[in-house]
Asker: 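Please read through the structure below; I'll follow up with questions.
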Amino acid sequence: MDNIISVQNVSYDYVSGNTTNRGVSEINLDIERGSFVVFIGHNGSGKSTLAKLLNGFFVPDQGKVLVNDIDTADEEKTFEIRSKVGMVFQNPDNQMVASIIEDDLAFGPENLGVKREEIKERIDWALKTVNMEEYRNRTPNRLSGGQKQRIAIAAILVMKPEVLILDESTAMLDPKGRDEVMDTVLKLNSEEGMTVILITHYMEEAIRADKVAVMNEGRIVLAGKPKEVFEKVDIIRDAKLELPVATKVSVELRKLGYDIPLALTEEELVESLVLGN
Amino acid sequence: MSIEASNLSYTYSAKTPFEKTALFDLSFTINKGETVGIIGSTGSGKSTLVQHFNALIKLTSGKLVVCDIDLSLKKVPFKQLRSKVGMLFQYPEYQLFEDTVLKDVSFGPINFGFDKEQALIAAEAALSLVGVDVKEVKTKSPFELSGGEQRRVAIAGVIASKPEILVLDEPTSGLDPLGKRSILNLLMELKKSFCDTVIMISHNMDEIAEYCDRVLVLNEGKLIFDGTPKDFFHNPGNLAETGLKIPHTVEIRELLKNKGVSLSSDCLNVNELTEAIVASGILKKREGKNGS
């Protein structure tokens with residue numbers, strides 16, 4: 001298997017003064033090149049810490065993280081790793097640097113020494129991908145939260161990363177905005193072959209993943225295909241997560257003694273309800 | 001009557017090249033005791049509208065009366081207005097600033113003219129209302145707290161001055177499912193004490209369907225619906241143009257309807273939906289078939 005990222009027995013704690021707060025403990029995880037992986041967990045479960053370990057933002061206290069077989073602890077390679085693994089955070093305001101969107105998008109590739117012509121092409125492509133072409137010459141201050149987030153994603157895309165990490169990047173968007181971002185992300189994954197790691201509270205966003213990792217108290221408590229994961233209702237509940245509505249309804253009906261399969265989506269649920277009628 | 005708006009319009013950067021009309025001719029009334037959801041896609045004018053309620057945005061066109069204060073007057077008593085209308089912005093934890101939680105929460109009451117002692121009492125009361133461990137937390141820096149705790153402390157900062165109306169801009173965004181639920185339950189608790197009217201902006205339709213008595217729906221600055229969540233979500237035609245999505249429960253009901261199975265309309269949450277599916281009798285046959 002071709003793994004773009006390999007996490008090997010990694011632990012990381014936050015130490016400030018004489019207090020230590022748990023980050024993540026004994027994480028083992030392989031991320032296959034070109035796959036779509038979702039981390040879910042409640043606030044404080046360690047998913048953002050894990051994400052920040054993947055691009056060398058944090059270096060493990062114990063164990064190691066390999067990106068394209070390069071150890072993230074190798075300080076000389078930090079730059080190379082960060083240009084391969086792009087990260088979009090929850091609040092886009094924290095990620096904007098320029099007063100005109102085009103300049104904001106050019107900031108990253110300019111720093112990498114990309115040629116002017118190519119920067120222009122990349123900006124065209126990135127804005128088109130996030131559906132914000134007409135905003136090229138505007139200021140980010142006047143955008144709504146959802147629009148800003150799409151610009152923040154475009155600002156990472158222009159770096160042409162191999163891995164895109166979205167750390168709760170859809171949390172501030174409206175439902176349509178969330179769908180647009182999800183569609184964009186899935187398109188990048190399926191058409192451009194980009195490896196995508198999505199961190200979320202929304203189980204709905206995990207449905208289409210190749211692999212789902214459920215985090216609780218700094219550990220991966222469950223990992224596998226969405227269906228395998230969602231079946232473990234008790235572990236999901238212990239991890240303080242909520243199942244998608246369709247799954248909840250199918251679980252409730254099963255509890256009442258009806259023999260229907262576990263559903264991940266509304267369509268699946270309805271399909272199984274009308275089947276045999 | 002808590003809020004009465006008639007023909008309210010607003011244009012950003014009027015008479016400049018950036019001129020953009022954000023609100024068109026809105027008229028509505030929000031009554032005391034209601035929980036009102038304001039929904040609409042990003043850029044539909046929700047935040048612009050709620051910022052009018054405590055005059056963070058100055059009324060420029062139309063009429064607006066909030067807690068019997070007429071905002072179209074030349075001299076609006078801002079301080080009085082703002083002590084009556086508590087406003088919680090999106091990601092309120094970013095506004096925490098003091099070096100201890102107690103100081104942060106008492107900042108509001110002090111500003112509204114409480115003396116120091118009263119303000120501290122009000123702050124402690126607010127902190128215990130939002131469900132944080134007051135003794136444990138009050139001397140800590142707000143930045144040592146977890147995200148969920150920070151949000152609670154920020155809410156405490158607003159309710160410490162006992163507003164009559166609480167306006168919240170996406171109070172649950174960024175929280176995990178349990179955090180969301182506990183914030184919403186907290187709002188319902190607050191309604192039982194001093195804060196009669198709660199107005200919240202949300203993108204979470206499941207939340208709106210479950211917690212609000214009424215929804216105001218904005219689309220491109222226009223008020224396109226004012227009524228109960230049930231009426232709104234059960235008429236999918238309403239949603240087509242707004243960029244919103246129906247709650248999952250309603251979507252399941254609609255999909256079933258397309259397959260010729262009608263459920264009773266009372267199913268905005270999982271339990272109601274499960275009951276309605278059982279009541280429809282659709283599953284009996286299947287159970288019989290596989291029952292042995």
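Here is how names work: the chains are called A, B, and so on, in the same order as the sequence lines, proteins then strands, and each is numbered from 1.
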Asker: Are there more than 12 heavy atoms of other residues, nucleotides or ligands under 6.0 Å from atom CZ of A:Phe57?
Answerer: no
Asker: If you define the side chain from C-beta out and look only at heavy atoms, does anything of B:Leu178 sit under 4.5 Å from A:His42?
Answerer: no
Asker: Check each atom of B:Ile39 against the heavy atoms of chain A and say whether the ones under 4.5 Å are side chain, backbone, both or neither.
Answerer: neither
Asker: Atom CG in A:Asn141, atom CZ in B:Phe18: separation rounded to 0.5 Å?
Answerer: 10.0 Å
Asker: For B:Tyr91, is it the side chain, the backbone, both or neither that has a heavy atom under 4.5 Å from a heavy atom of chain A?
Answerer: side chain
Asker: Could you look at B:Ser13 and say if it's the side chain, the backbone, both or neither that has a heavy atom under 4.5 Å from chain A?
Answerer: side chain
Asker: A:Asn21 versus chain B, heavy atoms under 4.5 Å apart: side chain, backbone, both or neither?
Answerer: neither
Asker: Of B:Ile252, B:Val250, B:Thr249, which is the lone residue that meets side-chain contact (heavy atoms from CB on, under 4.5 Å) with A:Glu266?
Answerer: B:Ile252
Asker: Check whether any side-chain heavy atom of A:Tyr258 sits under 4.5 Å from a side-chain heavy atom of B:Val278, and report yes or no.
Answerer: yes
Asker: Which value, rounded to the nearest 0.5 Å, describes the distance between A:Arg178 atom CZ and B:His203 atom NE2?
Answerer: 10.5 Å
Asker: Quick check: do B:Glu275 and A:Glu252 have side-chain heavy atoms less than 4.5 Å from each other?
Answerer: no
Asker: Can you tell me which residue among A:Thr265, A:Leu269, A:Val245 is in a side-chain contact (heavy atoms from CB on, under 4.5 Å) with B:His248?
Answerer: A:Val245
Asker: For A:Leu253, which atoms come within 4.5 Å of any heavy atom of chain B: side chain, backbone, both, or neither?
Answerer: both
Asker: Provide the full list of salt bridge (charged side-chain N to carboxylate O under 4.0 Å, His left out) pairs with a residue in residues 173-183 of chain B, sequence neighbours left out, each pair given once.
Answerer: A:Glu242-B:Arg181, B:Arg181-B:Glu210
Asker: Between A:Glu204, A:His201, A:Glu267, A:Lys248, which shows the greatest number of heavy-atom pairs under 4.5 Å with chain B?
Answerer: A:His201
Asker: Let me know if B:Leu273 has heavy atoms under 4.5 Å from chain A in its side chain, its backbone, both or neither.
Answerer: side chain
Asker: Walk me through whether A:Leu273 and B:Val261 qualify under side chain to side chain contact (heavy atoms under 4.5 Å, CB included).
Answerer: CA-CA 10 Å; A:Leu273 287 176; B:Val261 183; over 6 Å; no
